[in-house]
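So you know, we letter chains A, B, ... as the sequences are listed, proteins then strands, and number each from 1.
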Number of protein chains: 2
Amino acid sequence: MAYRRTAQIQARLDTQRAAIVYAAIELVGESGYGACSIVRVAARAGIAAGTVYNHFGSKGDLLAEVFRVVVTREVEAVRAAVTASGRAAERVTAVIETFAGRAMKSPRLAYALLAEPVDPKVDALRLEFRQAFTDLVAAAVVDGVASGELPPQNPVVTASALVGAIGEVLIDPLDTGGSAPDMVSTVITFALRGIGVHDASHA
Amino acid sequence: MAYRRTAQIQARLDTQRAAIVYAAIELVGESGYGACSIVRVAARAGIAAGTVYNHFGSKGDLLAEVFRVVVTREVEAVRAAVTASGRAAERVTAVIETFAGRAMKSPRLAYALLAEPVDPKVDALRLEFRQAFTDLVAAAVVDGVASGELPPQNPVVTASALVGAIGEVLIDPLDTGGSAPDMVSTVITFALRGIGVHDASHA
DNA sequence: GTCTATAGTTCGATAGAC
DNA sequence: GTCTATCGAACTATAGAC
């Protein structure tokens, strides 16, 4: 009878796979995608380099998995922020504070996920996940327009604009490590004015 | 006497290089970066595949040159639009109309340049050229703040937000080929409100 | 899991420039 | 006669089909 993978073996493989992804996330967080070589990932996970290919077809697949795991967390954090009931202004402010605040706590990681030139497979995921963020923001804008808090507008276009604005603003500070102290408040003011909140102060 | 490259030969090589880049731009414009294989580029330029490598070290280098050539034109078009004197509101409106209008005229090409997953070398140029656009917009915002037309704000942050917003909004329409009729006007309204223009109507 | 198709890159041979 | 640009087939890797 041929070799059959027992539940015990499968569990060990799952653990090993998780260790690989975790090691890769650490490396990306410390030094970006560029530092995330297969050899270094394997060394940190305590396995041989070739073993990585038992779990991932290519380096690009591993990097894509890193992106998926981390950014899924970020989408959920933003979802929690935007789902909270309240006025559209508060919800959009919460999105920006949540997204930017979490990014600035892990600038190297956030820069890698947001902008670092890397495998096209990661590029494709960037598009996919930006859409997820846009959907969340669009829901808040739809509600705001429906309640009359916001003037009539195309919520999808507005939400795309907000997502693009927030992402672009963060790139340079995340890359250089230094942000203007008024960065987040400037973006919030810009965003609230943009969607038509009458009093865009948010002190 | 050893062979030396004469001016005549050099001119022919320069022409050949330009033909390669032009053929590649045509292909990207018709079907995106994905359709831009070395063999197809060479065939369209009327040369053998191997000859491409006399001019470019790799496919990525060729794609990067395509990006550089086309987007340099776009930066200059936006520069012309924003340099025109006038109020900040008019200048920002002109930037959006120019950028979006030109993109929508060549949607396949614009999508490829703006967002299509492709070689990291192109990603790196995207960052570089977004900075060029941001610098142009920031200058307009600085002037608007200085003249009192716009409220005090961090012009670099605002300009980044504008550039990110415009780019993000265009991605989906360029990809699917269909845009909401109010897309551009929605972005303009969003942008003018965002920077604090009091009356953001622009009919 | 193997096989096939496709695409990037390399390289030896040829033809042409000096 | 020597050197170079070009060609195009071969090599290598990857993706998809059966």
Suppose the criterion is side-chain hydrogen bond (donor to acceptor under 3.5 Å, both in side chains): which pairs have a residue in residues 161-180 of chain A, not counting sequence neighbours?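 Those involving residues 161-180 of chain A are A:E168-B:R130.
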Using the salt bridge (charged side-chain N to carboxylate O under 4.0 Å, His left out) rule, collect all pairs that involve residues 30-44 of chain B, keeping only residues at least two apart or in two chains.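 Sorted pair list: B:E26-B:R44, B:E30-B:R44.
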Mark up nucleotides 7-13 of chain C, 5' to 3', with B wherever a protein heavy atom is under 4.0 angstrom from a base atom, S wherever such an atom reaches only the sugar-phosphate, and - elsewhere. -SBB---
For B:A180, what residues pass the side chain to side chain contact (heavy atoms under 4.5 Å, CB included) criterion, not counting sequence neighbours?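 Testing B:A180 for side chain to side chain contact (heavy atoms under 4.5 Å, CB included), a comparison that skips the adjacent residues, returns A:N154, B:D182.
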Applying side chain to side chain contact (heavy atoms under 4.5 Å, CB included), name anything that partners A:A84, two or more places apart in sequence or on another chain.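 Side chain to side chain contact (heavy atoms under 4.5 Å, CB included) list for A:A84, sorted by chain: empty.
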Check this for me: does any side-chain nitrogen of one of A:D61 and A:K121 sit under 4.0 Å from a carboxylate oxygen of the other?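 Salt bridge: yes.
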B:E76/B:R73 salt bridge by N-O under 4.0 Å criterion: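 Looking at B:R73 and B:E76, the cut-off is not met.
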Distances under 3.5 Å between nitrogen or oxygen atoms of protein and nucleotides 4-6 of chain D:
residue: D:dA5; atom: OP1; partner: B:R5; partner atom: NE; Å: 3.1
residue: D:dA5; atom: OP1; partner: B:R5; partner atom: NH2; Å: 2.3
residue: D:dT6; atom: OP1; partner: B:R12; partner atom: NH1; Å: 3.1
residue: D:dT6; atom: OP1; partner: B:Q16; partner atom: OE1; Å: 3.0
residue: D:dT6; atom: OP1; partner: B:Q16; partner atom: NE2; Å: 3.1
residue: D:dT6; atom: OP2; partner: B:Q16; partner atom: OE1; Å: 3.3
residue: D:dT6; atom: OP2; partner: B:N54; partner atom: ND2; Å: 3.1

Atom CZ of A:F133 and atom CD of A:E74: how far apart are they, to the nearest 0.5 Å?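 If we round to the nearest 0.5 Å, A:F133:CZ and A:E74:CD are 6.5 Å apart.
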